Amino acid sequence: MALVQTINKLTSTQVPRLNDCSSQSLLNYFETSWRLEETLMKSLVGEETFYLNPDPLRNRLIFYLGHSAVFFINKLIAVGLIKARINSEYETLFEIGVDPQTPTELEAAMQGVSWPDVEKVWQYRDKAQEAIAKVIQNTPLDLPIHQQHPFWALLMGIEHSRIHFETSSMLVRQLPTDRLKRPQGWNYAPSNANIPNNEMRSIPGGVVKLGKPKDDLTFGWDSEYGDRTVEVKPFLASQYLISNGEYLKFVQAGGYNNPDYWNAESWDWKQLYNVQHPKFWIPFEDGYRYRATFDEIDLPLDWPVEVNYYEAIAFCRFQGSEIRLMTEAEWNQALLISEDNQLSNNYNLNLQFISPSPVGMFKPANSASGLYDLRGNLWEWLGDTFNALPGFQPHPLYEDQAAPFFDDKHQMMLGGSWATNGSMALPTYRNWFRPYFYQHSGFRIAQDI
């Protein structure tokens, strides 16, 4: 099947219903996720580019070319849907990712690894795709799909591939632009350069139930399940995510050189890497330009700023000692207030664009008193560290998907970004990263009443 010309046809906003899907709909869902990741990887110019690691805390890009395919094969072998290995060497080499604290730690972990030819990895992907499609087409589908169902491994592979599209897009974005060719139809959002007034809105208190119900009819990762009830007190939160224009004031005020806005850990990070501005801002004459996914463009002042957790907290301290990030429970309460019960598609999710969008572009159902971009545009950093909900149980197919990261060293993010697609784009997905890592993530500010 030829590659489609628009990114909208490569994504699927319809996550499979576990009690109401067909072999054909699952095949379509698999194929769109496969082609999405493949199109991104084919945007790299020159085979030598695959041997670069644009982020010093991540593997070389060739690892990600093979990783999702190997994940599928290993999981489908584990549940007996595939009997024979395609390439046992690859199915070890490309199996497990990394989460190092330093580049030196990554180098030590990968010492002695000999990466194969890029063309051979593409050939492996082709064989894997054929094998997975045969499983979907030839295996009788017994509904509903549940967590012990063999097809749970299939859905896990598809959603894992969709996650890696997003994480790989962050790596691609750190390559020199001459190493990339933006795919046809992959377009950036508009920018009108106007910075909207970002007022603080009052969110009423309430009782919030966290955790995806076990009988939910969409796929979920183990960290989504559990049950926690939280009483949320009324609070204030900014109507919009903090924009580039707002953050520019912090930069111009010397925020990156004022230790009052940073704690010891974040100041050490800032000093070690000599960080003076957000990662994707490019100093230019008397201001900044902006590194988008594939190109350098003028700094879009009305798009939300993309920063790590350390930088988000520094901005909060710049705004005042009482300013902070929202909590997981507050985010969920704000979502209840801002949206209606219908799952709208009026968000910058599922690659409507290949970039963030202006902070006021996508209106929530309750635009009069709700918050914008709780879902989509950018992931939102929260004040919570990643944690297990009561009742958490690691899934036996992927026991280390979340459990190793309940270590108070990873910060939570919710809501999804423009690159988030599949079940990860549902509001129940709980994301996490180290505080100095970069993802398509921003923040809004909050305050007690």
Side-chain angles (χ1 to χ4, degrees), residues 4 7-37 68 71-72 75-76 79 81 129 132-166 209-227 332 335-336 339-352 365 374-376 389 391 393 395-398 401-402 414-416 419-431:
V4 293
I7 199 167
N8 291 339
K9 292 180 182 177
L10 275 181
T11 60
S12 174
T13 56
Q14 188 60 52
V15 177
R17 304 287 291 177
L18 300 179
N19 66 338
D20 185 23
C21 55
S22 65
S23 297
Q24 187 59 51
S25 66
L26 290 176
L27 183 63
N28 293 344
Y29 193 62
F30 160 67
E31 288 181 341
T32 55
S33 69
W34 192 273
R35 291 201 305 274
L36 185 64
E37 189 175 36
S68 293
F71 184 96
F72 265 113
K75 298 309 178 190
L76 292 175
V79 297
L81 289 177
Q129 181 182 11
I132 299 160
K134 283 182 178 178
V135 166
I136 300 171
Q137 292 165 325
N138 298 336
T139 305
L141 180 56
D142 180 24
L143 296 178
I145 300 172
H146 50 77
Q147 292 200 33
Q148 288 73 46
H149 194 294
F151 266 32
W152 194 261
L154 172 71
L155 292 175
M156 183 178 284
I158 295 172
E159 300 300 345
H160 173 265
S161 170
R162 292 175 180 275
I163 287 173
H164 272 281
F165 168 83
E166 181 161 1
K209 288 184 70 69
L210 304 180
K212 188 169 191 166
K214 286 200 170 180
D215 60 357
D216 189 275
L217 293 174
T218 56
F219 175 87
W221 296 96
D222 54 18
S223 56
E224 297 178 52
Y225 297 102
D227 186 12
N332 278 274
L335 187 67
L336 289 172
E339 302 292 350
D340 55 27
N341 292 325
Q342 304 302 314
L343 284 180
S344 165
N345 287 323
N346 190 35
Y347 313 109
N348 188 6
L349 286 166
N350 289 295
L351 294 108
Q352 293 205 40
L374 285 166
R375 295 183 63 199
L389 295 172
Q393 292 180 309
H395 194 282
L397 270 178
Y398 196 178
Q401 194 267 338
L414 291 179
T420 308
N421 61 101
S423 71
M424 196 183 183
L426 298 175
T428 49
Y429 184 80
R430 307 171 76 229
N431 203 359

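Just so it is clear, the model here is predicted, and its values are computed rather than measured. Position 1 is the first residue of the sequence; numbering continues from there.
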Heavy-atom closest pair, residues [X] and [Y]:
X      : Y      : result
Trp221 : Ser423 : NE1-OG, 4.5 Å
Ala402 : Asp222 : CB-OD1, 3.6 Å
Ser161 : Ser68  : CA-OG, 3.8 Å
Thr218 : Leu426 : OG1-CD1, 3.6 Å
Ala153 : Leu397 : CB-CD1, 3.7 Å
Gln401 : Ser223 : OE1-OG, 4.1 Å

Contact check, side chains of [X] and [Y], non-hydrogen atoms, under 4.5 Å:
X      : Y      : value
Met156 : Phe219 : yes
Arg162 : Met424 : no
Leu18  : Asp216 : no
Lys212 : Tyr429 : no
Asn421 : Leu36  : yes
Trp152 : Ile145 : yes
Leu155 : Leu26  : yes
Thr420 : Tyr347 : no

Query raised in the report: Between Leu210 and Arg430, is a side chain to side chain contact (heavy atoms under 4.5 Å, CB included) present by the stated rule, with each step listed?
Result: CA-CA 10 Å; Leu210 304 180; Arg430 307 171 76 229; 6.0 Å; no
Tell me whether [X] contacts the main-chain N or O of [Y] through its side chain, where contact means a donor paired with an acceptor under 3.5 Å.
X      : Y      : value
Thr32  : Tyr29  : yes
His149 : Asp142 : yes
Arg375 : Ala425 : yes

Between [atom1] of [X] and [atom2] of [Y], what distance do you get to the nearest 0.5 Å?
X      : Y      : atom1 : atom2 : answer
Asn19  : Leu217 : CG    : CG    : 4.5 Å
Ser22  : Leu141 : OG    : CG    : 7.5 Å
Asn138 : Leu81  : CG    : CG    : 11.0 Å
Asn28  : Gln14  : CG    : CD    : 12.0 Å
His395 : Gln147 : NE2   : CD    : 4.5 Å
Ile158 : Phe151 : CD1   : CZ    : 9.0 Å

Query raised in the report: Around Gln137, counting heavy atoms of other residues, nucleotides and ligands shown, do more than 12 lie under 6.0 Å from its CD?
Result: yes
**Report entry** Trp34 and Gln129 side chains, donor-acceptor separation under 3.5 Å
**Finding:** yes
